[in-house]
Amino acid sequence: MAEKPSIPKGTRDFGPTEMTRRNYIFETIRRHFRRYGYLPIETPAMENLKTLMGKYGEEGDRLIFRILNSGDFLEGANLQEIQTKGSLFAASQFSEKALRYDLTVPFARFVVQHQNEISFPFKRYQIQPVWRADRPQKGRYREFFQCDADVIGSDSLLNEIELIRLMDDVFSDLTIKTTIKINNRKILSGIAEVTGESDRIVEMTVAIDKLDKIGKQKVKEELLTKGLSADAINKMQPLFESHGDFESKLNFLKTFLAEVSIGLKGIEETEAVIRYLNAFGKQLQNLELDITLARGLNYYTGSIFEVKVNDSRSTFSGSVLGGGRYDDLTGIFGLPNVSGVGISFGIDRIYDVMLEMNLFDQLKLSETTSQVLLANFGQEEEQFSLKILNELRQAGINAEIFPEHAAKMKKQMSYADSKKIPFVVLIGKDEMQSGSLTIKDMATGQQEKLTLNDIISKLSK
RNA sequence: GUGAAUGUAGCUCAGCUGGUUAGAGCAUCAGAUUGUGGUUCUGAGGGUCGUGGGUUCGAGCCCCAUCUUUCACCCCA
């Protein structure tokens with residue numbers, strides 16, 4: 001029984017058109033990564049489950065794709081214990097591997113494992129798919145690519161500056177107007193401390209993050225239901241009113257966090273970043289200090305980055321890049337006191353945005369690489385053409401021959417046409433004898449007779 | 001995990017308050033043109049109407065379940 005084939009929820013196939021466009025984005029990002037001195041690495045699609053668990057928060061753990069143990073996974077399992085402890089426990093008994101959830105944690109694992117082969121600070125880039133068992137929606141997939149650049153083994157704020165420059169360069173190059181948002185986890189910690197809710201920092205930041213989306217009233221409600229005291233929420237009030245440029249926001253924070261050393265440290269770092277950025281001279285597209293920015297995973301400890309599209313041609317409101325500094329991610333794998341900072345481009349979202357803005361049409365990307373197709377007139381002509389084909393390729397010209405020698409010319413021409421191959425060379429009995437080959441320009445329809453050498457020089461232009 | 005919408009040919013969609021054999025455009029293939037594509041004309045193939053159950057004399061249409069896709073929440077690239 002022939003079943004209609006399908007692919008798992010939240011995954012996609014990419015045809016030649018999409019791949020050409022995606023590769024354009026990948027190559028643009030990769031070019032800038034290399035330009036800034038990052039080196040490539042790759043890690044396996046799967047990691048040991050315990051490498052991943054607990055790094056992304058409770059919600060993150062839930063979204064990790066687990067891999068069922070091979071073989072008889074029931075063997076040796078304590079079924080009675082499973083029955084009493086429930087399915088979460090069962091999963092841990094049957095699964096010891098999982099698909100990677102991001103590229104940062106596997107990178108931290110990589111650094112610890114290869115610490116003696118690496119010279120620090122280590123700047124690496126990594127472009128690979130990640131998987132999340134999330135429910136798909138706009139701009140959200142269960143399999144998607146991240147393009148990460150991280151520096152590990154240096155706590156200099158210069159790294160932050162470089163990363164901000166890098167993201168600005170990439171989005172400028174892709175001609176997407178964006179807003180780069182920065183914040184600092186230490187400022188958020190300071191706020192939590194001032195309000196006396198340090199142990200609720202996660203709930204607090206998650207709620208504040210929604211400020212511009214749902215408004216301060218709703219945020220306060222959420223904070224209440226998450227268990228923060230009314231008193232604390234009151235103390236937070238000035239936060240909801242903070243507007244203006246860097247300077248006025250920072251001045252506000254300096255008073256607000258005057259008594260909290262960690263908060264002041266965060267302000268200091270942020271000021272330093274801005275000072276450094278100015279030293280570079282070049283104007284950035286759009287940089288904003290957003291003290292409500294809390295996104296990012298639990299492991300962030302310093303700077304936090306996020307990039308949003310800020311372009312009238314796009315309706316996408318999610319982020320296309322996320323990142324930040326993590327002071328001790330390698331510590332859990334046994335290498336303490338190593339600080340890292342990194343960013344992650346969400347290329348699937350960037351693709352969606354560029355598609356919406358019709359940017360690909362303007363780029364005129366070509367799917368076809370063949371410059372010329374050799375028509376196939378028959379067995380004898382095919383033999384002759386193969387030598388021509390070889391010489392074309394030797395000369396650096398992308399060329400192909402129609403593989404069926406019984407195919408009608410109409411069929412072969414349509415093939416060249418649909419594949420947008422610009423030239424077709426016809427080699428029949430006449431051409432074989434005279435050595436003068438017929439070349440057809442598919443755009444104009446005009447034909448001329450040329451020697452192979454003339455064809456090579458014509459196509460080499 | 002929560003809430004909603006959706007599903008008819010490869011694609012985009014028609015299909016009347018339930019009534020014979022489910023249609024169109026595009027795409028594909030073939031012919032008009034046995035050494036010439038993109039235009040045109042002619043023809044052909046392709047559907048267990050997402051799947052399973054139910055109501056009915058009768059279901060693409062109504063009901064239930066399930067899956068897919070999409071959107072929002074949660075969270076995130």
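Worth saying up front: this structure is predicted, and the values here are computed from it rather than measured.
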Side chain of A/Asp417, base of B/rG38: donor and acceptor closer than 3.5 Å?
-> no
Now, which nucleotide makes the Watson-Crick or G-U wobble pair with B/rG3, with each of the two distances under 3.5 Å?
-> B/rC71
Is a donor-acceptor pair below 3.5 Å formed from side chain A/Lys411 to base B/rG37, judging by atom type as modelled?
-> no
Would you indicate what A/Phe377 reaches in the nucleic acid, counting non-hydrogen atoms under 4.0 angstrom: base, sugar-phosphate, or nothing?
-> base
Do A/Arg12 and A/Tyr141 meet the cation-pi criteria used here (NZ or CZ under 6.0 Å from the six-membered ring centre, within 45° of the axis)?
-> yes
Could you measure between the two C1' atoms, the one in B/rG60 and the one in B/rA77, and give it in whole Å?
-> 40 Å
Remember a base hit wins even if backbone is also touched, and classify A/Ala443 as base, sugar-phosphate or nothing at under 4.0 Å, heavy atoms.
-> base
Quick note, A/Gln146 side chain, CB onward, closest among B/rG37, B/rG35, B/rA77 is B/rA77
Expressed in whole Å, how much space separates the C1' atoms belonging to B/rU20 and B/rA44?
-> 25 Å
In whole angstrom, give me the gap between the P atoms of B/rG52 and B/rU8.
-> 16 Å
Indicate, with a heavy-atom threshold strictly under 4.0 Å, whether A/Gly57 touches base, sugar-phosphate, or nothing.
-> nothing
Using the P atom in both, what is the distance from B/rC63 to B/rG46, to the nearest Å?
-> 33 Å
Could you run down nucleotides 67-74 of chain B 5' to 3' and tag each one B, S or - for protein heavy-atom contact under 4.0 Å?
-> -SS-SBBB
B/rU6 to B/rC61 separation - C1' atoms, rounded to the nearest Å | 15 Å
Distance under 6.0 Å and angle within 45° of the ring axis: does A/Arg22 meet both against A/Phe14?
-> yes
Donor-acceptor pair under 3.5 Å, A/Gln447 side chain vs B/rU36 base | yes
Taking atom C1' in both B/rC62 and B/rG19, compute the distance separating them and give it to the nearest angstrom.
-> 15 Å
A/Lys50/A/Glu96 salt bridge by N-O under 4.0 Å criterion = no
Taking the P atom of each, how far is B/rG3 from B/rA65, in whole Å?
-> 12 Å
A/Arg34, CZ atom: more than 12 neighbouring heavy atoms under 6.0 Å | no
For B/rA27, what is the paired nucleotide under Watson-Crick or G-U wobble rules, both distances under 3.5 Å?
-> none
Worked verdict on A/Tyr125 versus A/Phe33 for ring pair (Phe, Tyr, Trp, His ring centres under 6.0 Å) = CA-CA 7 Å; A/Tyr125 74 86; A/Phe33 282 171; 5.4 Å; yes
Counting only side-chain N and O atoms of A/Lys410, is one of them less than 4.0 Å from OP1 or OP2 of B/rU34?
-> no
What nucleic acid atoms does A/Leu321 come within less than 4.0 Å of, heavy atoms only: base, sugar-phosphate, or nothing?
-> sugar-phosphate
Is there a Watson-Crick or G-U wobble partner for B/rC16 with both distances under 3.5 Å, and if so, which one is it?
-> none
Using a cut-off of 4.0 Å on non-hydrogen atoms, how would the nucleic acid contact of A/Glu431 be classed: base, sugar-phosphate, or nothing?
-> base
With a distance cut-off below 6.0 Å to the six-membered ring centre and an angular limit of 45° from the axis, does A/Lys216 pair with A/Phe240 as a cation-pi contact?
-> no
Using atom types as modelled and distance alone, determine if a side-chain donor or acceptor of A/Thr51 lies under 3.5 Å from a backbone N or O of A/Glu47.
-> no
Can you tell me how far OG of A/Ser460 sits from CD of A/Gln371, rounded to the nearest 0.5 angstrom?
-> 7.5 Å
Can you tell me if A/Arg349 uses its side chain to pair, donor with acceptor, with the backbone of A/Ser319 under 3.5 Å?
-> yes
If you measure from the C1' atom in B/rU68 to the same atom in B/rG50, how many Å do you get, rounded?
-> 7 Å
Any chance you could lay out the side-chain contact (heavy atoms from CB on, under 4.5 Å) test for A/Met53 and A/Arg66, step after step, and finish with the verdict?
-> CA-CA 11 Å; A/Met53 290 298 286; A/Arg66 295 145 182 273; 3.8 Å; yes
Side chain of A/Met413 (C-beta onward), nearest among B/rA77, B/rU36, B/rC75 = B/rU36
Distance in Å, A/Phe402 CZ paired with A/Tyr415 OH, rounded so as to fall on 0.5 Å steps | 7.0 Å
Stacking check: are the rings of A/Phe144 and B/rA77 less than 5.5 Å apart at their centres and under 30 degrees in tilt?
-> yes
So which protein N/O to nucleotides 42-44 of chain B N/O distances come out below 3.5 Å?
none

